[in-house]
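A short worksheet on the structure shown next.
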Amino acid sequence: MDWELQFMRWANGWWSSPLLDHLLPWLTHLGSHLAVIALLGLSLVLPRQRKAFPHLLSLYGIQLVVIYGLKFLVQRQRPLHFLPEIGSKLSFGPGEILDPSFPSAHSALGFMMAAFFSQRYPRYAIVFYILAGFIAWSRLYLGLHYPTDILAGVLLGYGISKGLFYYLKRKGKEIYRSENGPS
């Protein structure tokens, strides 16, 4: 943990910017539970997306069990408790600092949604993963997570998603057929 705190102190010195201080608190919320719930709602009401709803709901449920199981098992305090000079540039709500740090749920959910959208729109996969990468990085920039929290979240979000997609494909129940035909 010591190397992570030193890294965050060092990085804060060269990447801090007033523009990013205003932009990233908004971007980080694209990896929130609210964003996933909005995606669930859209998949339920859009006729061409309804087939994906039960799979997306299952994926979200699996992610939550794994992520929050690890958070409360590990009980790692957030870095903003140890880095008063960095603090958080986010005006957070009550849940933002109450849950433990490891792993990053925003990073996991961002990569879960990137994997989900990439399954449907493979042509734009790089855009989805770049956006998910920015969501993950925003958590570090805002002082809310350590680098290993982010890495664990990314691996869980991507890995669990791809694992479920593989399982569903083997069972003949793909979430989507890609826009270019069967995947």
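Note that the structure is a prediction, hence the values are computed from the model and not measured. The analysis underlying the following values was restricted to heavy atoms, covering all of them including side chains, and did not include hydrogens, waters or symmetry mates.
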Worksheet item: Do Lys162 and Met112 come close enough that some side-chain heavy atom pair is under 4.5 Å?
Response: no
Practice prompt. Decide, yes or no, whether a salt bridge links Asp99 with Arg78 under the criterion of side-chain N to carboxylate O below 4.0 Å.
Written response: yes
Discussion item. If the condition is ring pair (Phe, Tyr, Trp, His ring centres under 6.0 Å), which residues does Phe128 pass it with, not counting sequence neighbours?
Written reply: Phe117
Worksheet item: Given side chains that start at C-beta, do those of Phe53 and Leu42 come closer than 4.5 Å, heavy atoms only?
Response: no
Worksheet item: Tell me, do Met8 and Pro147 make a side-chain contact under 4.5 Å, heavy atoms counted?
Response: yes
Worksheet item: In this structure, which one of Ile160, Leu156, Ile67, Leu57 forms a side chain to side chain contact (heavy atoms under 4.5 Å, CB included) with Ile62?
Response: Ile160
Discussion item. If we ignore hydrogens and angles and just use 3.5 Å, is the side chain of Lys71 paired with the main-chain N or O of Pro100 as donor and acceptor?
Written reply: yes
Worksheet item: Just wondering, do Glu4 and Pro79 contact through their side chains at under 4.5 Å, heavy atoms?
Response: no
Item to complete: Give me the ring orientation class for Phe134 and Trp137: parallel if the planes are under 30° apart, tilted from 30 to 60°, perpendicular past 60°.
Response: perpendicular
Worksheet item: Does Arg139 come within less than 4.0 Å of Asp149, counting only side-chain N to carboxylate O?
Response: no
Fill in: Any side-chain heavy-atom pair of Leu155 and Phe111 under 4.5 Å
no
Worksheet item: Hey, are the side chains of Val127 and Ile130 touching, using non-hydrogen atoms and a 4.5 Å cut-off?
Response: no
Practice prompt. Answer yes or no: is there a donor N or O on one side and an acceptor on the other, between the side chain of Gln119 and the main chain of Phe116, under 3.5 Å?
Written response: no
In residues 32-41, what donor-acceptor pairs under 3.5 Å come from side-chain atoms, sequence neighbours left out?
from: Ser32; atom 1: OG; to: His29; atom 2: O; distance (Å): 2.7
from: Ser32; atom 1: OG; to: Leu34; atom 2: N; distance (Å): 3.4
from: Ser32; atom 1: OG; to: Ala35; atom 2: N; distance (Å): 3.4
from: His33; atom 1: ND1; to: Tyr60; atom 2: OH; distance (Å): 2.7
from: His33; atom 1: NE2; to: Tyr68; atom 2: OH; distance (Å): 2.9

Practice prompt. Please examine the side chains of Lys171 and Tyr167, heavy atoms only from C-beta on, and report whether any two atoms are closer than 4.5 Å.
Written response: yes
Discussion item. Taking Leu142 as the starting point, is it possible to reach Phe7 by hopping between hydrophobic residues whose side chains are less than 4.5 Å apart?
Written reply: yes
Practice prompt. Look at the side chain of Ser118 and the backbone N and O of Ala114, then say whether any donor-acceptor pair between them is shorter than 3.5 Å.
Written response: yes
Worksheet item: Between Tyr146 and Ser101, is any pair of side-chain heavy atoms under 4.5 Å apart?
Response: yes
